[in-house]
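Computed from heavy atoms alone, side chains included, the values below leave out hydrogens, waters and symmetry copies. All ligand and atom numbering here is 1-based and tracks the order in the structure.
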Amino acid sequence: MITFVWAEDENGLIGSKGNLPWHLPADMQFFKKVTLTGDVVMGRKTLESIPNPPLKNRKNIVLTSKHDLDFKEGVICHSKKEIMEEVKHSKKPLHVIGGVSLFKLFIDDVDMLYRTVIHDSFEGETYMPEIDYSEFELIEEEEGTVDVKNKYPHTFQIFKRK
Ligand SMILES: NC(=O)c1ccc[n+]([C@@H]2O[C@H](COP(=O)([O-])OP(=O)(O)OC[C@H]3O[C@@H](n4cnc5c(N)ncnc54)[C@H](OP(=O)(O)O)[C@@H]3O)[C@@H](O)[C@H]2O)c1
C-alpha cells in the first residue's frame, strides 16, 4: 500500500525556503504515528529539511539524481523503479512524505491520503500538486486541538481511494 502524508495550509502551501512554513508539534506527532507503520520515501530536498535524519525506526528512502549523496543511514534511489525494487518484499505501507516531485511521481499509485489542513495562510513557494479528490473518499476527520504550542486551527483527514 502506498500513502501520502503531508500538511498544507488553506491555499495548498507545503513549503517555504526549504522548510515547513509553520511550527505545529501536534502535526509532527500525527506524522510520526502514521509513518512509523511503514517505510518512508522522500525527495532529496525534503531529506535536507529534516533536522536530524534519518527519521528513526523507519526505513528512509531518498530519491536523488546525485551519485555522491552521503546518507548511510538510509537507502538512496535514483528512480521510481529502484524505489519499487527496494520495497517489493515489504509487507508494510510505503509512505510518500514529499516533496512535490515525489507526490507527482506516485499520484497514480497512491491508495491512502493523510492530509493535515492548517486553517491559516502562510508565505512560501512550494505547493502540493493537484489531487483529484473525486477519486478518493474521506474516511476519517478529526479537528486538532489549539493550545499554547499549537496556535493554528488544523484538521487531520484520512482519504481512501474509491
Ligand atoms: N508540508 C509538508 O507536509 C511537506 C512535506 C514534504 C516537504 N515539504 C517541504 O517541501 C520542500 C521540499 O520539497 P521540494 O518539492 O522542493 O523537493 P523534493 O521533492 O523533496 O526534492 C526534490 C529533489 O528530489 C530529487 N528527485 C525528484 N524526482 C526525481 C527523479 N525522478 N529522479 C531522481 N531524483 C529525483 C532531486 O534531487 P537532486 O537534486 O539531488 O537530484 C530533486 O531536486 C521543503 O520546503 C519542505 O519543507 C513539506
Does at least one non-hydrogen atom of Met42 fall below 4.0 angstrom from an atom of ligand 1? no
Find all atoms of ligand 1 within a distance of less than 4.0 Å from any non-hydrogen atom belonging to Ala7, and give their numbers and elements. 1 (N), 2 (C), 3 (O)
Which ligand 1 atoms are under 4.0 Å away from a heavy-atom of Trp6? 3 (O)
Return the closest protein heavy atom for atom 29 (C) of ligand 1 as residue, atom name and distance. Leu63 CD2, 3.3 Å
What do you think, any protein heavy atom under 4.0 angstrom from atom 23 (C) of ligand 1? yes
Check Leu102, Asp111, Ile131 against Phe4 for a side-chain contact (heavy atoms from CB on, under 4.5 Å) and give me the one that passes. Ile131
Distance under 4.0 Å to a non-hydrogen atom of Asn19: what atoms of ligand 1 satisfy this? 44 (C), 45 (O), 47 (O)
Proximal ligand 1 atoms for Ile97, defined as those under 4.0 Å from one of its heavy atoms: 5 (C), 6 (C)
Ser79, portion touching ligand 1 at heavy-atom distance under 4.0 Å: neither
Which word best sums up how the rings of Tyr114 and Phe30 line up, parallel for under 30°, tilted for 30 to 60°, or perpendicular for over 60°? tilted
Return a yes/no value for Thr126: is any of its N or O atoms, backbone included, closer than 3.5 angstrom to an N or O of ligand 1? no
Options Val100, Leu24, Asp9, Val96, ranked by nearest heavy atom to atom 14 (P) of ligand 1, top entry: Val100
Can you report which non-hydrogen protein atom sits closest to atom 27 (C) of ligand 1, along with the distance? Ser101 OG, 3.2 Å
Give me the residue, atom name and distance of the protein heavy atom closest to atom 16 (O) of ligand 1. Lys45 CD, 3.8 Å
In this structure, atom 39 (O) of ligand 1 is nearest to the protein heavy atom Arg44 NH2, 2.7 Å
Partner of His95 under side-chain hydrogen bond (donor to acceptor under 3.5 Å, both in side chains), picked from Thr35, Asp39, Thr37, is Thr37
For ligand 1, which atoms, with element, lie under 4.0 Å from some heavy atom of Leu20? 1 (N), 2 (C), 4 (C), 47 (O), 48 (C)
Under 4.0 Å to a heavy atom of Ser16 - the qualifying atoms of ligand 1, by number: 45 (O)
When rounded to the nearest 0.5 angstrom, what is the spacing between CD1 in Ile61 and SG in Cys77? 5.5 Å
For ligand 1, which atoms sit closer than 4.0 Å to a heavy atom of Gly98? 6 (C), 20 (O)
shortest atom 40 (O) of ligand 1-to-protein heavy-atom contact is with Thr64 OG1, 2.6 Å
How far is atom 9 (C) of ligand 1 from its nearest protein heavy atom, and which residue and atom name does that atom have? Ile14 O, 3.7 Å
Hey, any chance Val40 and Val87 share a hydrophobic cluster, counting ILVMFWY side chains that come within less than 4.5 Å of each other, even indirectly? no
Stacked cation flag Arg115 on Tyr133, 6.0 angstrom / 45 deg: yes
